[in-house]
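Here's the structure we're looking at; comments come further down.
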Amino acid sequence: MRVKTPPIGGVTVLFAVGVGAAFFASLVIGPADIDAWRIVKGLFGAADETANLVAAGIRLPRALLGVMVGAALGLSGAALQGFLRNPLAEPGLLGVSASAALGAVIALYFGVMALFPLALPVFAVLGAMAAALVIQGLAGRDASMLTLILVGVAVSSFAGSLVALALNLAPNPHAALEIAFWLLGSLTDRSMLHVWLALPFIVAGAGLLLMTGRGLDALSLGEKSAQSMGVDMGRLRMLVVFGTAACVGGSVAVAGVVGFVGLVVPHLLRPLVGHEPARLLPLSALGGALIVLIADIGVRLIPSQGELKLGVLTGIVGAPFFLGLLLKTRSEMR
Amino acid sequence: MKTGWFVSSLAFAVVLFALTGRPLMAEPLSSAGPQRVVSLSLCADQFVLALTPRERIKGLSVLANSERYSPFAAEAQGLVRHRATAEEVMALDPDLVVAGGYTRRQTVDMLTRLGVPLLSLPPAELGDVPDLIAQVAAAVGNPEGGARLAAAFTSALTRARDRGMVGALYRPGGDLPGPKTVENEVIERAGLTSLAASLGLQAYARVTIEELVVHRPDVLIVDSRHDAGPSLGRQILFHPALRQMSAVHGMADVEMPIRYWLCASPRSTAAISLLTDKLDRLDGQGGRVQ
């Protein structure tokens, strides 16, 4: 089904500009009353010491992580939906994020990270990979939506329970209180260390996922047609599994589980690119970055006792969206 | 599975019998006070350990013997500890349970329903400690010991000269203990102006690194940087911004043990003298004090 596609360049540029604007807003909005110009100068170490510290040491890593985490989640969602040919596929719903959180929790609370900081994202990526492989095995491609969601629910709750168990067994007596971070995500008070820990994995994962474009396009015509067009399904599967695991693992390791981004973003953007997965991928990365940046500004602006968690906002938007999507696709579920 | 079920039913029946078979309330307390004292929480442990003869203490909280969390850890060595569930407490057959501080309300309700003599200590500030000492001393039948301890506590409740410096205790996750907390009062008694109080914060407020940078204290006090194990919240105490604040602005970084001010305790005054001492040394040199 070919539909007339609007010019892709314009949309991409529009979203890139949007991400740039949200990035800037994320830098200049915050509890400290520092005007935009001082923040900009502070980024280059040219303002007063307080503004330098707030701009470069606190807000810059937060905004960078917003872009990285959002892009990683948007891209993973688009790739999973394309590969599984299932509009409900998403790292959060499928339990990939929760499994990544399990890996990160083990690395952080049991001292592995203290010996070797990279263990945090590495363990998270391994967790995400395990979940991706389990889902592959259990649901497979072309599984009914119901099967896929049920497998996701099972993997998700299993990993979630293990996260809670690990936190309760952790040596630190306050560990169990931190479960909200792992369930709902947050970018509060992250530093450049977190950016450097996540960046290589997200960049590598995004690279792998962006390579899937042509294969996903062919796959949208059906697996047989894709193979007849010379698509190596085994290679495509590996790209999707490893790419998603690296993206989601890197994100969850530093930001916790931020739900629904990978579900909502590709859906909203798909009509803009004429339902072509190859063009949806980069646009979903931009859209994801935009949504997470906006949500992260939102948690700073909504007055609350202590800062809200990021997943609270994405969930408030995402869960009704998910229900709406279920209603729309209900006939296919049976 | 079957045997497991059978054993737990049996255990339940035994507990039921223990509960109903012997009316605890009707037993007259001996003139020397209760003989089987059980404490429910870390904070209650400390009053019980300070005022009760060792052989009468039949149960303490899990953390009672932790050097890190209790200044009475040495006294608690070798005594029975429990996880503060009603079932475990009843199994210790107490004739007095002292609760307070971090206690599950359901457990206290259950023990009350079961008719266990219960002394519940209210949340306390330093000024309430002599009164709490008197209450526990009366309940365990040691009023003279209580009077001595209360007098010693009151005389150790000193206040240092005002240093003209702002201090803040920064905890994992950005917690900043504020007005009406033991920590805040110790900070003020050691001669600092409390950042939490001057910002008008609640008793337990969260302050982000960014807010801390803007309202930079002269002295940053940490008590959880090197504790039982790593945690997400603890990462904030290693945030590069804190190091820069010390390097650039000369913000002093003072490490304190957490045990003296986690509870309003008969030994909380040790926190005042310890912090006063560290700040006195700081006045000369500036910088980091272990």
Side-chain angles (χ1 to χ4, degrees), chain A residues 29-34 42 45 48-59 61-62 101 104-105 107-115 117 120 167 169-182 186-194 253-256 299-300 304-307, chain B residues 41-42 61-64 66 68-70 83 102 170-176 178 199 201-217 223-251 258-259 262:
Chain A
I29 294 172
D33 189 16
I34 301 176
D48 51 293
E49 292 296 348
T50 301
N52 288 350
L53 203 50
V54 169
I58 295 165
R59 292 201 193 157
R62 185 169 186 162
V105 162
L108 200 161
Y109 292 89
F110 294 90
V112 192
M113 189 195 170
L115 301 174
L120 180 71
L167 288 173
L169 295 178
N172 189 300
H174 310 292
L177 301 175
E178 294 180 348
I179 191 154
F181 170 87
W182 295 106
S186 168
L187 295 176
T188 308
D189 291 333
R190 314 276 95 192
S191 66
M192 285 308 282
L193 170 72
H194 297 100
V254 294
V299 300
R300 281 176 259 179
S304 59
Q305 172 81 330
E307 213 173 83
Chain B
S41 72
L42 179 65
S61 79
V62 253
L63 289 177
S66 156
R68 177 171 160 73
Y69 294 109
S70 173
R83 280 189 295 185
Y102 309 95
Y170 207 39
R171 287 248 171 93
D175 283 335
L176 200 73
L199 289 180
L201 298 177
Q202 303 283 311
Y204 286 96
R206 292 217 147 175
V207 170
T208 61
I209 290 270
E210 180 169 330
E211 291 165 297
L212 196 70
V213 169
V214 173
H215 306 284
R216 177 174 44 82
D223 62 4
S224 311
R225 198 178 268 152
H226 308 286
D227 63 358
S231 77
L232 186 78
R234 207 181 73 171
Q235 290 186 345
I236 202 173
L237 302 178
F238 295 95
H239 198 291
L242 295 184
R243 271 201 309 279
Q244 286 183 43
M245 286 160 77
S246 295
V248 177
H249 298 282
M251 178 182 75
I258 199 172
R259 56 180 171 275
L262 197 54

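Side chains are part of it too, since the values below use all heavy atoms of this structure and drop only hydrogens, waters and symmetry mates. The chains referred to below are lettered A, B, ... by the order of the sequence lines, with proteins before strands, and numbering in each begins at 1.
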Using a cut-off of under 4.5 Å on heavy-atom pairs, state which of I58(A), I34(A), N172(A) scores highest against chain B. N172(A)
Under 4.5 Å to a heavy atom of chain B? For R59(A) that would be side chain
Proximity breakdown for H249(B) and chain A, heavy-atom pairs closer than 4.5 Å: side chain
Side chains of E210(B) and P31(A): does their closest heavy-atom pair fall under 4.5 Å? yes
Looking at side-chain heavy atoms only, is the closest gap between P173(A) and Y69(B) below 4.5 Å? yes
Using non-hydrogen atoms only, which part of M192(A) is less than 4.5 Å away from chain B: side chain, backbone, both, or neither? neither
So E178(A) and S231(B), do their side chains get closer than 4.5 Å, heavy atoms only? yes
Given a strict heavy-atom distance threshold of 4.5 Å, which part of T50(A) is in contact with chain B: side chain, backbone, both, or neither? both
Only one of D189(A), L193(A), L108(A) clears side-chain contact (heavy atoms from CB on, under 4.5 Å) with Q235(B); which? L108(A)
The interface call for A32(A) against chain B, heavy-atom contacts under 4.5 Å, is both
Closest contact, heavy atoms only, S191(A) versus P240(B): CB-CD, 3.5 Å
Could you tell me which residues satisfy side-chain contact (heavy atoms from CB on, under 4.5 Å) with S70(B), sequence neighbours excluded, listed by chain and number? L42(B), Q46(B), F72(B)
In terms of heavy-atom pairs under 4.5 Å, which option from R234(B), H239(B), E211(B) contacts chain A the most? H239(B)
Pairs of heavy atoms under 4.5 Å with chain A: top-ranked of L63(B), V214(B), L232(B), V213(B): L232(B)
With chain B as the partner, which of L53(A), L177(A), D33(A) has the greatest number of non-hydrogen pairs under 4.5 Å? L53(A)
Is it the backbone or the side chain of I209(B) that comes under 4.5 Å from a heavy atom of chain A, or both, or neither? both
